[in-house]
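Here, residue 1 is the first one in the sequence, and each next residue gets the next number. All values derive from a computational prediction rather than experimental measurement.
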Amino acid sequence: MTERPRVWVSQPLFDDIVARLGEHFEVTATPAVTRHAPAAMAAALAAADGALVTLNDPIGAAEIAAAPRLRAIANVGVGYNNLDLPALSAAGILVTNTPDVLTETTADFGFALMMATARRIGEAERWLREGQWRQWSFDVLLGGDVHGATLGILGMGRIGRAIARRAGGFGMRVLYHNRSRLDPQVEREHAAEYVGFDELLARADHLILVLPYSPQSHRLIDAAALAKLRPHATLTNIARGGIVDEDALCDALEQGRLAGAGLDVFEGEPALNPRLLQQRRVVLTPHVASGSLATRRAMVALAVDNLIAALGRGPNAGRPPSLVKAGIRD
């Protein structure tokens, strides 16, 4: 009898969805949320033909060095900066991700986080819970308007375009900057104007970051970039934490050079820069922009489909729905 391929699932996900892997493979699943040490990760991958992993799980050359059977890694997430793509590609390991299924949910959250930041909702709730509301006051906790304001979107991919559509309902003017300009027809559909990076910063009342993380975007929003924003502007980051220099952001907030920030992602997450916790005008959420039940289930389902197909099984055998980068193992 031919041995079935072996698959490792790095974190507990949705058991009923992950169970589909058992129709094709021998599955080893991690029973509790775990921060795998590099040696433990390497040991888990050593006997695996495929792996289903999350953003919690960094995998590079060291982790796959003793994994001669490994042919595919399905990442549960649209981003994949936890994976060393050059190392995996050189080893002939296919990598997949889960785009599209989280676009609308993430755009909902990004817009909500921007609104909460502009209207100081987090600060207002804390102030109320602290017992400081003793009488109604005309000028307490005044925030910035969203309707009619100028929205700057840095990164105009699927999520950026979904945010632009939402902005239309609030009568916002939409500016965007991207690595490449969109087709004019797409710009018209989203009522979005392409501008340079510096102009985007200078004109935005509310700036939302939705660009991919890369060495080029590391701390792109640094002290110099923040200085280009106007004092009444807000910054919302639902991309990756490393895109923002968090100390420079705290400096800008403390010096009154920025009205507020909404952050769902952090450079050292889950550890936080302690200065962020001291900022009353920052709304902090724990990387949950895609965190609706329906969307998270759809992400896992797509990752499972990807892994089944990448390992040559199922109706899409050899054609995973969302391949990031292909490699050829000798």
Side-chain angles (χ1 to χ4, degrees), residues 5-11 30 34-100 102 154-159 178-180 209-222 237 239-245 265-269 287 290 299 302-312 316 318-330:
R6 300 175 187 171
V7 162
W8 177 60
V9 180
S10 68
Q11 305 290 341
T30 306
T34 304
R35 180 171 287 276
H36 300 283
M41 182 80 71
L45 294 173
D49 296 276
L52 188 71
V53 305
T54 73
L55 298 177
N56 283 345
D57 308 308
I59 300 176
E63 287 76 20
I64 64 170
R69 299 169 52 137
L70 190 62
R71 292 185 285 137
I73 295 175
N75 207 48
V76 184
V78 64
Y80 41 83
N81 54 296
N82 55 310
L83 304 178
D84 184 339
L85 289 188
L88 299 179
S89 181
I93 296 169
L94 303 180
V95 173
T96 66
N97 66 340
T98 59
D100 299 322
L102 51 71
L154 185 55
M156 198 65 162
R158 299 176 183 90
I159 297 170
N178 208 37
R179 286 176 296 183
S180 56
L209 310 183
V210 282
L211 68 163
Y213 179 82
S214 69
Q216 291 71 38
S217 65
H218 180 69
R219 294 190 177 176
L220 179 65
I221 305 302
D222 57 8
N237 187 9
R240 285 292 182 270
I243 295 171
V244 175
D245 181 333
V265 288
F266 309 90
E267 184 165 4
E269 63 182 59
H287 202 147
S290 65
M299 290 168 67
L302 178 54
V304 166
D305 288 342
N306 279 326
L307 190 55
I308 290 170
L311 293 176
N316 296 312
R319 294 174 287 107
S322 50
L323 184 65
V324 172
K325 193 161 186 175
I328 302 173
R329 182 181 287 280
D330 294 335

Non-hydrogen side-chain atoms of P321 and L302 separated by less than 4.5 Å:
yes
State which residues pass side chain to side chain donor-acceptor pair (under 3.5 Å) with T98; sequence neighbours excluded, sorted by chain then number.
none
How many angstroms lie between atom CD1 of I243 and atom CG of L154, to the nearest 0.5 angstrom?
7.5 Å
Just checking, any donor-acceptor pair under 3.5 angstrom between side chains of D305 and N316?
no
CZ/R69 to CD1/I93 distance, rounded to the nearest 0.5 angstrom?
13.0 Å
Are R6 and D49 ion-paired here, with the side-chain N under 4.0 Å from a carboxylate O?
no
So do L94 and L323 actually touch side chain to side chain, heavy atoms under 4.5 Å?
yes
Any residue meeting ring-ring contact (aromatic ring centres under 6.0 Å, His included) with H287, in chain and number order, not counting sequence neighbours
none
Using side-chain heavy atoms (C-beta onward) and a distance below 4.5 Å, is R179 in contact with P212?
yes
Nearest 0.5 angstrom please: I308 CD1 to L52 CG, how far?
10.0 Å
Those residues at least two apart in sequence (or on a different chain) that pass side chain to side chain donor-acceptor pair (under 3.5 Å) with Y213 are H218
For a quick test of reading the model, state the closest non-hydrogen atom pair linking A62 to A42 and the distance between them.
O-CB, 4.2 Å
Just how far is it from atom CG of N97 to atom OG of S322, taken to the nearest 0.5 Å?
5.0 Å
Stepwise, does the side-chain contact (heavy atoms from CB on, under 4.5 Å) test hold for N75 with T96?
CA-CA 6 Å; N75 207 48; T96 66; 5.9 Å; no
Given side-chain contact (heavy atoms from CB on, under 4.5 Å), test R71 with L311 step by step and report yes or no.
CA-CA 7 Å; R71 292 185 285 137; L311 293 176; 3.7 Å; yes
Note, V76 side chain near V53 side chain (heavy atom, < 4.5 Å):
no
Kindly give the heavy-atom pair with the smallest separation between M41 and P58, and that separation in Å.
CE-O, 3.7 Å
Please determine which of L70, V324, V95 meets the side-chain contact (heavy atoms from CB on, under 4.5 Å) test together with L88.
V95
Among T54, T34, T30, D57, which one satisfies side chain to side chain donor-acceptor pair (under 3.5 Å) with Q11?
D57
Might you point out which heavy atoms bring V210 and G155 nearest each other, and give the distance in Å?
CG2-O, 2.8 Å
Under-4.0 Å salt bridge between E267 and R240
no
To the nearest 0.5 Å, what is the distance between CG (L209) and CG (L220)?
8.0 Å
Rounded at 0.5 Å granularity, tell me how far CD1 in I59 sits from NE2 in H36.
9.0 Å
Provide the closest heavy-atom pair for E63 versus L45 in the form atom of the first, atom of the second, distance.
O-CD1, 3.7 Å
Does the S217 side chain pair with the main chain of S214, one donor and one acceptor, at a distance under 3.5 Å?
yes
Hey, are the side chains of V244 and R219 touching, using non-hydrogen atoms and a 4.5 Å cut-off?
no
